[in-house]
Amino acid sequence: MKKIMMGIGLILIVGIGAFFGPKLYASLTQKSLGSEAVKSEAIDEDHELATFAGGCFWCMEPPFEKLDGVYSVISGYTGGEEKNPTYDEVSSQQTGHVEAVQIEYDPDVITYEQLLKVFWRQIDPTDAGGQFVDRGPQYVSGIYYHNEEQMKAAQKSKKELKASGRFDGEIVTEIQPAKTFYKAEEYHQDYYKKNKLSYKFYRSNSGRDDFLDEAWGDDRHIELQTNSLYPSYTDDELKEMLTDIQYKVTQEDATEEAFKNEYWDNKEEGIYVDVVSGEPLFSSKDKYKSGTGWPSFTKPLVEDNIVEVEDRSWFTVRTEVRSKHADSHLGHVFDDGPEPTGLRYCMNSAALRFVPKNEMKEQGYGEFLSQF
């Protein structure tokens with residue numbers, strides 16, 4: 001019995017080491033390598049930038065990344081003078097920078113005023129010493145405007161928040177002109193996706209959600225009316241419109257059974273779209289029989305609708321694939337596919353909806369008919 005218990009203990013130790021070892025190594029070696037300046041001219045000419053500070057930048061990415069019209073959200077540092085600061089330098093208050101996020105968005109889809117409404121619902125605007133569990137000037141809240149229109153909109157929104165009487169204390173969130181924004185180390189980008197358990201533990205113990213629930217109540221999560229081609233839904237609406245497996249896959253990152261899903265052996269011509277938003281993702285022209293039991297493709301139909309994220313779950317490092325607009329979990333991409341790309345986009349059928357070739361025009365996907 002003693003030997004059996006020792007064996008079980010050894011297995012547990014090895015398992016714990018396998019799970020936490022890579023994360024600890026990454027934390028020690030990758031989180032403070034140095035940042036790089038983001039050049040505003042690198043963004044799409046039809047897009048604009050918004051820069052907000054709200055304490056830990058890990059917590060400021062999720063609420064903006066899911067918005068229609070938001071192209072990207074980058075965690076980084078701004079407000080200081082030193083070039084290319086590292087995470088350790090910023091967190092130890094050596095540079096004058098604050099943790100912030102820079103948002104690239106399409107103003108034809110979502111407005112700056114709408115982004116401000118989301119911003120105020122992420123922070124404690126009365127706290128001049130940091131945000132929630134994170135203390136120090138590197139964690140204070142702030143709005144960094146990129147033009148005069150943004151400055152006026154920010155000042156107006158701050159004045160309206162003060163007049164609302166929602167907060168008893170003074171609104172101390174500063175509004176300042178944008179300075180050079182430095183993209184933080186890759187370790188910090190999309191941390192909430194790459195390190196889900198660690199992020200959930202940190203977030204649930206930070207006090208942020210308890211404060212926001214009390215301060216905003218039912219008004220905390222607002223539904224924005226944007227000009228997006230693709231609709232967005234509340235969690236309750238998703239639970240009603242999706243089947244159990246569709247919800248688990250797209251919203252909870254589950255994986256369906258191999259060989260027991262709808263499209264793994266589908267040979268019909270057509271395209272595959274996101275089951276939530278309808279955004280086009282893959283074509284039957286790029287589908288092949290991988291032998292894995294899941295629908296597999298060599299490339300996306302619309303590359304801009306595909307987002308790739310580092311996934312460190314299940315004791316390994318993989319590349320997760322999500323949809324851009326709905327932020328649905330789709331599957332993973334691997335480098336063991338056939339030519340010409342050498343890639344295998346291994347998708348869950350439950351995250352997809354198939355549109356047959358003869359129905360594409362009727363359903364609004366006529367632009368892709370030329371492929372067939």
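All residue numbers in this chain count up from 1 along the given sequence. From a predicted model like this one, the values you see are computed outputs, not experimental measurements.
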Exercise for the section: Measure the CD-CE distance between Glu149 and Met151 for me, rounded to the nearest 0.5 Å. Expected result: 9.0 Å
Problem - Contact check, side chains of Tyr345 and Asp286, non-hydrogen atoms, under 4.5 Å - result: no
Exercise for the section: Measure the shortest side-chain to side-chain distance between Glu104 and Asp44 over non-hydrogen atoms and say whether it is less than 4.5 angstrom. Expected result: yes
Handout entry: Closest heavy-atom pair and its distance - Leu242, Val276
Key = CD1-CG2, 4.1 Å
Problem - Heavy-atom pair with the smallest gap, counting every atom of Ala53 and Val98 - result: CB-CG2, 4.0 Å
Problem - Flag, side chain of Ser283 to backbone of Leu301, donor-acceptor distance under 3.5 Å - result: no
Exercise for the section: Could you walk me through whether Lys117 and Asp219 pass salt bridge (charged side-chain N to carboxylate O under 4.0 Å, His left out), step by step? Expected result: CA-CA 11 Å; Lys117 288 182 179 180; Asp219 198 31; over 6 Å; no
Practice task
Using the rule that two of Ile, Leu, Val, Met, Phe, Trp, Tyr join whenever any of their side-chain heavy atoms come within less than 4.5 Å, decide whether Tyr230 and Tyr71 are in one cluster.
Solution key: no
Exercise for the section: Say whether, by atom type as modelled, one donor and one acceptor occur between the side chain of Asn305 and the main chain of Pro280 under 3.5 angstrom. Expected result: yes
Problem - Atom pair NE2 (His47) and CG (Asp108), whose distance is rounded to the nearest 0.5 Å - result: 8.5 Å
Exercise for the section: Kindly compute the distance separating CD (Gln122) from CG (Asp209), expressed to the nearest 0.5 Å. Expected result: 9.0 Å
Handout entry: Exercise: identify the closest heavy-atom pair between Thr298 and Pro338
Key = CG2-CG, 3.7 Å
Problem - Donor-acceptor contact present, side-chain Arg344 to main-chain Phe334, <3.5 Å - result: no
Completion exercise
Tested for side-chain contact (heavy atoms from CB on, under 4.5 Å) against Phe52, the lone hit among Thr78, Ile103, Ile123 is Ile103
Exercise for the section: Please answer whether the main-chain N or O of Tyr263 pairs with a side-chain N or O of Ser349 as donor and acceptor at a distance below 3.5 Å. Expected result: yes
Problem - CA sep, side-chain torsions, deciding dist, call: Cys56, Tyr202, side chain to side chain contact (heavy atoms under 4.5 Å, CB included) - result: CA-CA 10 Å; Cys56 174; Tyr202 161 75; 3.2 Å; yes
Problem - Over 12 non-hydrogen atoms of neighbours within 6.0 angstrom of CZ in Phe201 - result: no
Handout entry: Proximity of Phe297 and Tyr272 rings by center, below 6.0 Å
Key = yes
Exercise for the section: Could you tell me whether the side chain of Arg166 and the main chain of Ala215 form a donor-acceptor pair under 3.5 Å? Expected result: yes
Practice task
Tell me, with the steps shown, if Ile306 and Leu330 meet side chain to side chain contact (heavy atoms under 4.5 Å, CB included).
Solution key: CA-CA 9 Å; Ile306 294 294; Leu330 304 175; 4.0 Å; yes
Practice task
Give a yes or no on this: more than 12 heavy atoms of other residues, nucleotides or ligands lie within 6.0 Å of atom NZ of Lys299.
Solution key: no
Problem - Side chain proximity check, Val133 to Asn205, heavy atoms < 4.5 angstrom - result: no
Practice task
Mark yes or no for whether Gln138, through its side chain, and Glu89, through its backbone, hold a donor-acceptor pair below 3.5 Å.
Solution key: no
Problem - CD on Gln246 to CD on Glu256, rounded to 0.5 Å - result: 9.5 Å
Handout entry: Check: Phe372 and Ile271 side chains under 4.5 Å, non-hydrogen atoms
Key = yes
Practice task
Anything under 30° is parallel, anything over 60° is perpendicular, the rest tilted; go ahead and classify Tyr87 against Tyr77.
Solution key: tilted
Problem - Shortest non-hydrogen separation from Met60 to Arg208 and the atoms involved - result: SD-NH1, 4.0 Å
Exercise for the section: Would you check if the side chain of Glu262 reaches a backbone N or O of Ala350 as a donor-acceptor pair within less than 3.5 Å? Expected result: no
Problem - Side chain proximity check, Ser72 to Ile43, heavy atoms < 4.5 angstrom - result: no
Exercise for the section: Please indicate whether Glu252 has more than 12 foreign heavy atoms, meaning atoms of other residues, nucleotides or ligands, lying under 6.0 Å from its CD. Expected result: yes
Practice task
Decide whether Phe64 and Leu224 are clustered together by the hydrophobic rule: side chain heavy atoms of Ile, Leu, Val, Met, Phe, Trp, Tyr closer than 4.5 Å, transitively.
Solution key: yes
Fill in the blank from the handout: Result for salt bridge (Lys or Arg N to Asp or Glu O under 4.0 Å) between Lys193 and one of Glu308, Glu65, Glu61, Glu320 points to Glu65
Exercise for the section: Would you check if the side chain of Ser328 reaches a backbone N or O of Ser323 as a donor-acceptor pair within less than 3.5 Å? Expected result: no
Exercise for the section: Quick one: closest heavy-atom pair of Tyr112 and Ala50, and the distance? Expected result: CE1-CB, 3.7 Å
Problem - Common cluster, Ile245/Leu281, ILVMFWY with side-chain heavy-atom separation under 4.5 Å - result: no
Problem - Within-4.5 Å side-chain heavy-atom neighbours: Arg203 and Lys200 - result: no
Handout entry: Residues Asp274 and Lys324 bridged, charged N to O under 4.0 Å
Key = no
Problem - CG (Asp265) with more than 12 external heavy atoms under 6.0 Å - result: yes
Practice task
Start with the C-alpha gap between Arg322 and Asp253, add the side-chain angles, then the distance that decides, and say whether side chain to side chain contact (heavy atoms under 4.5 Å, CB included) holds.
Solution key: CA-CA 10 Å; Arg322 306 185 71 87; Asp253 306 342; 3.2 Å; yes
Handout entry: Side chain Asn227, main chain Gly69, donor-acceptor under 3.5 Å
Key = no
Problem - Side-chain heavy atoms of Tyr105 within contact of Leu67, under 4.5 Å - result: no
Problem - Carboxylate-amine/guanidinium proximity below 4.0 Å for Asp127 and Arg135 - result: yes
Problem - Rounded distance [0.5 Å steps], CG in Asp336 versus OG in Ser296 - result: 9.0 Å
Exercise for the section: Treating Ile, Leu, Val, Met, Phe, Trp and Tyr as nodes and any side-chain heavy-atom pair under 4.5 angstrom as an edge, say whether Ile171 and Trp216 lie in one connected cluster. Expected result: yes
Handout entry: Heavy atoms of other groups near Glu237 CD, more than 12 under 6.0 Å
Key = yes
Problem - Qualifying ring pair (Phe, Tyr, Trp, His ring centres under 6.0 Å) pairs with a residue from residues 120-147, counting only residues at least two apart or across chains - result: Phe132-Phe211
Problem - Asp68 vs Ile110, side chain to side chain contact (heavy atoms under 4.5 Å, CB included): CA-CA, chis, key distance, verdict - result: CA-CA 7 Å; Asp68 293 332; Ile110 189 169; over 6 Å; no
Practice task
On the 0 to 90° scale, with breaks at 30° and 60°, tag the His329-His332 ring pair as parallel, tilted or perpendicular.
Solution key: perpendicular
Handout entry: Nearest atoms (heavy-atom pairs only) where Leu116 meets Ser157
Key = CD1-OG, 3.7 Å
Completion exercise
To the nearest 0.5 Å, atom NZ of Lys287 lies from atom NZ of Lys289 at 9.5 Å
Handout entry: Gln176 CD: over 12 foreign heavy atoms closer than 6.0 Å
Key = yes
Handout entry: Linked, directly or transitively: Phe57 and Val118 (ILVMFWY side chains, under 4.5 Å)
Key = yes
Problem - Ionic contact status for Glu268 with Lys357, cut-off 4.0 Å - result: no
Practice task
Check whether more than 12 heavy atoms from other residues, nucleotides or ligands sit under 6.0 Å from atom OH of Tyr199, and answer yes or no.
Solution key: yes
Handout entry: Sub-4.5 Å side-chain heavy-atom contact between Thr319 and Asp335
Key = no
Practice task
Look only at the side chain of Glu99 and the backbone of Val90, and say whether a donor-acceptor pair between them is shorter than 3.5 Å.
Solution key: no
